[in-house]
Amino acid sequence: MLTMNETLKVIHNRRSIRAYKSEQITDSELQQILDAALMAPNAVNQQKWHFTVIQDKGLLDRMVNTIKENILNSGNEFLKQRASAPDYHTFYHAPTVILISADEKAPLIQIDCGLAAQNITLAAESLNIGSCIIASSAFLFASEKGSQFKKELGIPEGYNHICTIALGYKAGENPAAPPRNKDVINYVK
Ligand SMILES: Cc1cc2nc3c(=O)[nH]c(=O)nc-3n(C[C@H](O)[C@H](O)[C@H](O)COP(=O)(O)O)c2cc1C
């Protein structure tokens with residue numbers, strides 16, 4: 001295989017990290033990660049996204065309690081089983097979580113936010129910071145407590161949760177990459 005340049009190495013080395021050190025990432029690292037998020041391509045440069053940085057452990061734990069409660073009341077058996085584990089924590093105890101919300105009336109906004117999320121994970125990996133994109137955090141807004149959390153988190157009026165990204169120093173080595181199917185590509189030349 002050809003030797004990879006730095007960008008390709010970061011893309012290949014990034015893994016979803018599910019164990020973090022409790023030590024907080026630095027403000028300078030956080031700022032570089034957020035700057036990368038804002039540089040993501042987005043449809044007609046609409047920028048109808050919003051990023052809430054959460055570094056309050058008490059708040060994160062309260063969010064997890066509500067997410068867990070709502071998952072256990074949902075019909076999703078797979079998630080119910082996961083959330084019932086004694087060590088369940090939606091954000092894997094990461095010290096920083098970025099919640100991406102967006103104006104869902106904006107066309108193609110899910111793609112925009114996905115690209116911002118990917119920029120966050122790649123910027124993090126380039127700084128040797130672990131990350132995990134998490135969608136199950138949507139359960140935070142599945143009960144009437146959701147509107148209170150929206151206020152507390154400063155989510156703009158009319159914006160809704162898209163996903164969260166857990167961030168922190170990795171507690172161990174990167175796990176092996178889950179296998180990728182190679183038969184999803186065809187070439188028309
Ligand atoms: C849209 C999206 C939602 C995800 N939601 C979760 C989640 O709720 N919890 C979780 O632990 N991982 C979540 N993941 C991480 C995926 O499980 C992970 O990216 C996938 O298994 C491939 O592994 P890798 O990221 O290490 O390459 C999510 C990833 C994406 C892109």
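Numbering of ligands and ligand atoms starts at 1, following listing order.
- For CD of Gln46, the number of neighbouring non-hydrogen atoms (other residues, nucleotides, ligands) closer than 6.0 Å is greater than 12.
- By the 3.5 Å distance cut-off applied to N or O atoms, Cys132 is not counted among the residues near ligand 1.
- Within the 4.5 Å cutoff, side-chain heavy atoms of Ser101 are placed close to those of Pro156.
- Counting heavy atoms of neighbouring residues, nucleotides and ligands inside a 6.0 Å radius, atom CG of Asn5 exceeds 12 of them.
- For the pair Ala135 and ligand 1, the shortest N or O to N or O distance falls below 3.5 Å.
- Considering each of Arg180, Arg14, Arg82, Arg18, the one bringing a non-hydrogen atom nearest atom 12 (N) of ligand 1 is Arg18.
- When the options Thr164, Ile133, Ile162 are ranked by their closest heavy atom to atom 1 (C) of ligand 1, first place goes to Ile133.
- In this structure, the side chains of Gln110 and Glu104 come closer than 4.5 Å at one or more pairs of heavy atoms.
- Nearest non-hydrogen protein atom to atom 11 (O) of ligand 1 is Tyr92 OH, 2.4 Å.
- A salt bridge links Glu125 to Lys170: one of the charged nitrogens lies within less than 4.0 Å of a carboxylate oxygen.
- Closest to atom 23 (O) of ligand 1 among all protein heavy atoms lies Pro178 CG, 3.5 Å.
- When the shell of 6.0 Å around NZ of Lys9 is examined, it contains more than 12 heavy atoms from other residues, nucleotides or ligands.
- At a 3.5 angstrom cut-off on N or O pairs, Arg15 counts as close to ligand 1.
- Protein heavy atoms are absent from the space less than 4.0 angstrom from atom 20 (C) of ligand 1.
- Ring orientation note: the planes of His161 and Phe141 are tilted relative to one another, at an angle of 30° to 60°.
- Here the heavy atom of the protein found nearest to atom 26 (O) of ligand 1 is Ser16 N, 2.8 Å.
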